[in-house]
Amino acid sequence: MVTGDDSWVPYCDRAEWSDVVPIPQDDGEDPLVPIDYSSRFEDVMNYFRGICKREECSARALDITKEVISLNGASCSAWFYRWKCLQELDSDLLDELDYIDTMGKTYPKNYQLWWHRRLVVEKIGKIVAERELQCTADALEVDTKNYHIWSYRQWLVRAFQLWEADLAFVHKLLVDDVFNNSAWNQRYFVLTRGGQHAANLTSVLCSELQYVSDMIRIAPLNEAAWSYARALPSGEDSTTLEQLVPLATAILESQPTNLQAIMTLTDAATEMSRAADTSKHDTHTAKALELLHRLVKLDPMRERYWAWQVQELTKARPFVK
Amino acid sequence: RPWLCYWELHSLNLLGQELDAKLQHDAVQFLSRCQHPTGGFGGGPGQIPHLASTYAAVCALITVGTDAALASINREAMHAFLLRMKVPAESDAVLGGGFRMHATGEVDIRGTFTALAVAEMLGIKTDDVVADVAPFLERCQTYEGGVGGEPGTEAHGGYTFCGMATHILLNQKSKLDVRKLLRWAVLRQGAAEGGFNGRTNKLVDGCYSFWQGGVFPLISMVLPPLEVASLRA
């Protein structure tokens with residue numbers, strides 16, 4: 001993101017930088033994969049290396065990291081040194097946050113930038129939490145599945161305990177696009193308090209089962225919703241899969257080739273086969289095998305996987321036909 | 001640049017091409033300049049060391065395979081670098097046991113895989129390198145069965161490859177649910193395209209032929225094989 005700015009003066013021509021020894025890149029003779037650097041890039045990097053060598057953490061050092069980042073947004077050396085300078089200078093981190101926010105719009109998929117944002121916000125503290133949450137919401141509107149932004153949002157929610165706000169946000173996204181797996185993943189994250197408290201999810205099991213069932217009825221082949229449904233905790237007297245049997249059965253009545261529904265019934269039958277005592281075992285195993293053979297026909301690309309399931313099922317406990 | 005060296009040298013290797021002496025020499029010379037005195041390799045001469053460029057450089061040097069290539073790696077400094085990148089378990093309930101990609105940098109399962117892979121290749125996979133890695137990996141497996149970058153984030157092909165490979169590098173001493181991972185991975189293949197997507201309900205992309213496709217040989221090291229006779233059952 002180099003500005004086409006004719007007033008730019010190379011560092012080697014700046015009097016105020018004459019005390020810094022520029023350090024050329026030591027590529028050696030016949031380097032592999034040489035990059036055809038612009039003279040501007042070389043000049044900036046020579047002086048950045050010079051500053052790093054002196055271990056100088058001044059305002060001009062901070063400035064040059066910004067320049068390196070504008071030429072190469074993924075320079076972890078520059079981001080590392082920038083964070084070092086910000087700390088030593090005890091800089092205004094709110095200004096830094098504005099800078100990152102602007103850069104983030106240009107580099108939405110940059111690991112260094114989004115991690116740097118965490119470091120800065122962690123130091124500033126809760127005062128910017130709501131604003132940051134809103135920034136991620138705005139950014140996700142542009143790309144609803146941006147992994148970096150979702151990761152950062154999860155960190156924000158955890159760090160500042162913003163769980164409730166997130167549930168509303170997730171629901172809005174699912175209304176917009178029920179297939180958005182990132183949103184379903186976030187829903188699970190929120191309800192389990194980041195995987196730390198499955199008990200929290202257990203307490204809303206009934207309403208969640210209803211919620212996801214409604215979403216499945218809207219889009220019966222939506223793998224994201226079915227995966228989420230399977231992840232819900234067991235009920236008081238039935239397992240998760242058992243809880244989903246009525247839904248899957250109902251869906252199959254109108255859509256007899258719905259793979260997600262068939263897979264659910266297959267896994268339910270397999271589970272019951274494993275748990276059952278000998279008298280019921282054969283019934284459930286027969287059911288599971290019948291469904292697996294249906295899957296081989298309906299989903300032939302995954303034939304080997306269904307065949308492997310047959311193998312696993314029949315060797316677990318010998319099945320007498 | 002070490003990535004470019006690795007992809008190109010390793011590709012030549014896969015194609016059965018011998019590397020001439022000059023290319024071998026130049027590779028060692030250049031990658032040595034990417035090596036940091038405090039351990040690890042950066043993305044280029046004069047850069048701070050980073051676990052991804054470290055992984056790439058080590059793989060490239062091993063592909064070259066000459067005595068000079070292997071001897072050029074400072075194993076002691078590398079071991080110290082890996083340990084510096086580790087996040088102490090007690091310091092962070094979420095990221096503890098993980099590895100930063102570089103000093104003060106991001107922590108995710110790529111760091112875990114690259115660190116352990118390098119440790120394995122260089123024979124420096126000591127107890128203190130692997131300590132607390134398994135719980136971090138387990139926390140990264142999601143309800144879908146795939147693995148996310150950090151505990152809580154979405155199951156993703158690239159991170160799943162890293163996670164499954166880590167499980168193997170831990171000699172399977174983690175509670176990663178491999179059957180659940182297999183199911184997720186199998187469903188990532190698009191019936192219309194034949195290739196793989198990286199996450200549920202996203203588009204198929206060629207890169208996942210590696211990340212997702214590559215996870216199956218690893219799974220085969222753990223789970224019982226398919227006996228062909230079953231297909232006709």
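The structure presented is a predicted model; accordingly, all values stated were derived computationally and were not measured. Computed from heavy atoms alone, side chains included, the values below leave out hydrogens, waters and symmetry copies. Here is the naming used below: chain letters follow the sequence lines, and residue numbers restart at 1 for every chain.
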Is A:K53 in contact with chain B via its backbone, its side chain, both, or neither, using a 4.5 Å heavy-atom distance? neither
At what distance, to the nearest 0.5 angstrom, does CG of A:N181 lie from OG1 of B:T142? 8.0 Å
Side chain / backbone / both / neither for B:L187 at chain A, heavy atoms under 4.5 Å: both
Would you check if A:P31 and B:R1 make a side-chain contact, meaning some heavy-atom pair closer than 4.5 Å? yes
Can you find a pair of side-chain heavy atoms, one from B:M101 and one from A:C76, that are under 4.5 Å apart? no
Side chain, backbone, both or neither of A:W184 within contact of chain B (heavy atoms, under 4.5 Å): both
Less than 4.5 Å to any heavy atom of chain B: does that hold for the side chain of A:D267, its backbone, both, or neither? side chain
Nearest 0.5 Å, what's the OG1-CG distance between B:T200 and A:N185? 9.5 Å
Side chain, backbone, both or neither: which part of B:P224 has a non-hydrogen atom closer than 4.5 Å to chain A? both
Is there a donor-acceptor contact under 3.5 Å from the side chain of A:R302 to the main chain of B:Q189? yes
Name the option with the most non-hydrogen atom pairs under 4.5 Å to chain A; the candidates are B:G42, B:P225, B:G194, B:A155. B:P225
Atom group of A:W83 that falls short of 4.5 Å from chain B, counting heavy atoms: side chain
Non-hydrogen atoms of A:S151 and B:E150 that approach each other most closely: CB-OE2, 3.6 Å
B:Y143 side chain to A:A229 backbone, donor-acceptor under 3.5 Å: no
Answer yes or no: is there a donor N or O on one side and an acceptor on the other, between the side chain of A:W115 and the main chain of B:T104, under 3.5 Å? yes
Look at A:W150, A:W79, A:Y228 and state which one has the largest set of heavy-atom pairs under 4.5 Å with chain B. A:Y228
Closer than 4.0 angstrom, basic N to acidic O: yes or no for B:R183 and A:E312? no
Does the side chain of B:Q29 come under 3.5 Å of the side chain of A:D30 through a donor N or O and an acceptor N or O? no
Is A:R118 close to chain B through its backbone or its side chain, or both, or neither, when contacts mean heavy atoms under 4.5 Å? side chain
Specify which of B:A103, B:G145, B:G46, B:C5 makes the most heavy-atom pairs with chain A at under 4.5 Å. B:A103
Worked check of side chain to side chain donor-acceptor pair (under 3.5 Å) between A:S77 and B:Q47: CA-CA 6 Å; A:S77 303; B:Q47 296 183 31; 4.5 Å; no
Is it the side chain or the backbone of B:F216 that comes within 4.5 Å of chain A heavy atoms, both, or neither? neither
So, the part of A:F179 with a heavy atom under 4.5 Å from chain B: the answer is both
For B:R199, is there an ion pair with A:E223 - N to carboxylate O distance below 4.0 angstrom? no
I'd like to check B:L182 versus A:W308 (side-chain heavy atoms, cut-off strictly below 4.5 Å). Are they in contact? yes
If I measure from the heavy atoms of chain B, does A:M45 come under 4.5 Å with its side chain, its backbone, both, or neither? neither
Starting at NE2 of B:H50, measure out to CD of A:Q112 and round the result to the nearest 0.5 Å. 5.5 Å
Part of B:V94 lying under 4.5 Å from any heavy atom of chain A: side chain
Do you know the tightest heavy-atom contact between A:A224 and B:N201? CB-ND2, 3.5 Å
Do you know which two heavy atoms are closest between B:E144 and A:S227, and how far apart they sit? OE1-OG, 4.0 Å
Parallel, tilted or perpendicular: rings of B:H156 and A:Y147 (30°, 60°): perpendicular
NZ or CZ of B:R110 within 45° of A:Y111 ring axis and under 6.0 Å: yes
First locate atom CG of B:L203, then atom NZ of A:K145, and finally report the distance between them rounded to the nearest 0.5 Å. 7.5 Å
Most chain B-contacting option - heavy-atom pairs closer than 4.5 Å, from A:Y81, A:F189, A:Y188: A:Y188
Quick check on A:L119 against chain B: is it the side chain, the backbone, both or neither that has a heavy atom closer than 4.5 Å? side chain
Using modelled atom types and a 3.5 Å cut-off, is there a donor and acceptor pairing between side-chain atoms of A:D27 and backbone atoms of B:F30? no
Top residue by heavy-atom pair count (under 4.5 Å) with chain A, among B:G43, B:P45, B:A27? B:P45
Among the options B:K202, B:R139, B:H25, pick out the one with the most heavy-atom pairs lying under 4.5 Å from chain A. B:K202
Is the number of heavy atoms from other residues, nucleotides or ligands under 6.0 Å of A:M301 CE greater than 12? yes
Just how far is it from atom OG1 of B:T153 to atom CZ of A:R153, taken to the nearest 0.5 Å? 15.0 Å
Give me the atom names and distance for the closest heavy-atom approach of A:S182 to B:E154. OG-OE1, 2.7 Å
